[in-house]
Amino acid sequence: MTHDSISRRSLLGGGAALALGAAVANSTAARADLTKPAVADPWHGLKLGVASYTFRELPLDTTIKNIQRTGLKYVSIKDVHCSLNTTSDQRKAVADKFKAAGITPLSCGNVGMPKDEAGARRWFEYARDLGLPTIVCTPDITTLPMLDTLVKEFNIRLAIHNHGPGDRYPTPNEVWDAVQGHDKRLGLCI
């Protein structure tokens, strides 16, 4: 459309449409502001947390207080803060302590996942009892079919961790290649 072909009618029509659009946008924004929490999310939906391993030398209650001091709201629980040898009720109590402090447990690990199904199952039960959606682990590649079955049974994701050169999975590419053909809940922790 050239400058010469713009009529006064199309210019006024376009202006009216723009004004209506602005009014609707402002009205929608005003309604959206009423539904926003009083404190804006500084991370814009990103679930930034801490591994409790960071505080491995400290007891659970002190660890929780230190995580609160950081202002972070998510944790990956290391077994030094909730042993694999605890009961289901003890695990739930640990998860409840984090939640009461405003910290959401999201995972456990890094776990050296056992090669046998009974040993691996214990970690899935542990994660289930803590209410965790993810286990961070470094399984042997030969166990992936068995872990695939447990992932489906428990509906708990596995995030396979790599520690870099010299590790079982030196780069994320090795993990990516290993999980191809398995359940989509088998993935990477980088």
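Throughout, numbering of the chain's residues begins at 1 and tracks the sequence. Keep in mind it's a predicted model, so treat the numbers as computed, not measured.
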Identify each donor-acceptor pair in which a side-chain atom of residues 96-116 lies under 3.5 Å from a protein atom, sequence neighbours left out, and give them as a table.
residue, atom, partner, partner atom, Å
Lys97, NZ, Asp61, OD1, 3.0
Ser107, OG, Ser76, OG, 2.6
Asp116, OD2, Gly119, N, 2.8

Quiz item: Partners of Thr134 by side-chain hydrogen bond (donor to acceptor under 3.5 Å, both in side chains), sequence neighbours excluded?
Solution: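 Counting only residues at least two positions away or on another chain, Thr134 forms a side-chain hydrogen bond (donor to acceptor under 3.5 Å, both in side chains) with Arg157.
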Quiz item: Under the side-chain hydrogen bond (donor to acceptor under 3.5 Å, both in side chains) test, which residues partner Thr171, sequence neighbours left out?
Solution: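 Expected list: Glu174.
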Within this structure, what is the [atom1]-[atom2] distance for the pair [X] and [Y], rounded to the nearest 0.5 Å?
| X | Y | atom1 | atom2 | answer |
| --- | --- | --- | --- | --- |
| Leu58 | Lys65 | CG | NZ | 11.5 Å |
| Leu147 | Trp123 | CG | CH2 | 13.5 Å |
| Leu188 | Asn173 | CG | CG | 9.0 Å |
| Leu158 | Ile135 | CG | CD1 | 5.5 Å |

Can you name the closest pair of heavy atoms from [X] and [Y] and give their distance?
| X | Y | value |
| --- | --- | --- |
| Val175 | Gly187 | CG1-O, 3.8 Å |
| Thr63 | Ser52 | CG2-CB, 4.2 Å |
| Thr142 | Pro145 | O-CD, 3.6 Å |
| Arg121 | Leu150 | NH2-CD2, 3.4 Å |
| Pro139 | Leu144 | CG-CD2, 4.0 Å |

Self-check item: Side-chain donor/acceptor of Ser83 to backbone N/O of Asp79, under 3.5 Å
Solution: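 Answer holds: no.
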Quiz item: Is a donor on one side and an acceptor on the other found under 3.5 Å between the side chain of Asp183 and the backbone of Asp148?
Solution: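 No; judged by distance alone, with no hydrogens or angles, the pair does not exist.
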Are [X] and [Y] side-chain neighbours, meaning at least one heavy-atom pair lies under 4.5 Å?
| X | Y | result |
| --- | --- | --- |
| Arg128 | Arg91 | no |
| Ile156 | Glu125 | no |
| Ile77 | Tyr126 | yes |
| Ile64 | Ile67 | no |

Practice problem: Verify the neighbour count for atom CD of Glu57: are there more than 12 heavy atoms of other residues, nucleotides or ligands below 6.0 Å? | Solution: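 Counting other residues, nucleotides and ligands, CD of Glu57 stays at 12 neighbours or fewer.
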Quiz item: Going only through I, L, V, M, F, W and Y residues with side-chain contacts under 4.5 Å, is there a path from Ile160 to Ile190?
Solution: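 Yes, Ile160 and Ile190 fall within the same hydrophobic cluster.
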Quiz item: Taking a hydrophobic cluster as the set of Ile, Leu, Val, Met, Phe, Trp and Tyr residues connected by side-chain heavy atoms closer than 4.5 Å, whether directly or through intermediates, do Ile141 and Val151 fall within one such cluster?
Solution: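 Yes, one cluster joins them.
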Exercise. Please list all pairs passing the ring pair (Phe, Tyr, Trp, His ring centres under 6.0 Å) test where one or both residues lie in residues 45-88, with sequence neighbours left out.
Key: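 Ring pair (Phe, Tyr, Trp, His ring centres under 6.0 Å) check on residues 45-88 returns no pairs.
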Quiz item: Does anything in residues 139-173 pair up under ring pair (Phe, Tyr, Trp, His ring centres under 6.0 Å), and if so which pairs, sequence neighbours excluded?
Solution: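 Output for this query lists Phe124-Phe154, His161-His163.
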Quiz item: For Thr87, what residues pass the side chain to side chain contact (heavy atoms under 4.5 Å, CB included) criterion, not counting sequence neighbours?
Solution: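 For Thr87, the residues satisfying side chain to side chain contact (heavy atoms under 4.5 Å, CB included) (neighbours in sequence not counted) are Asp89, Gln90.
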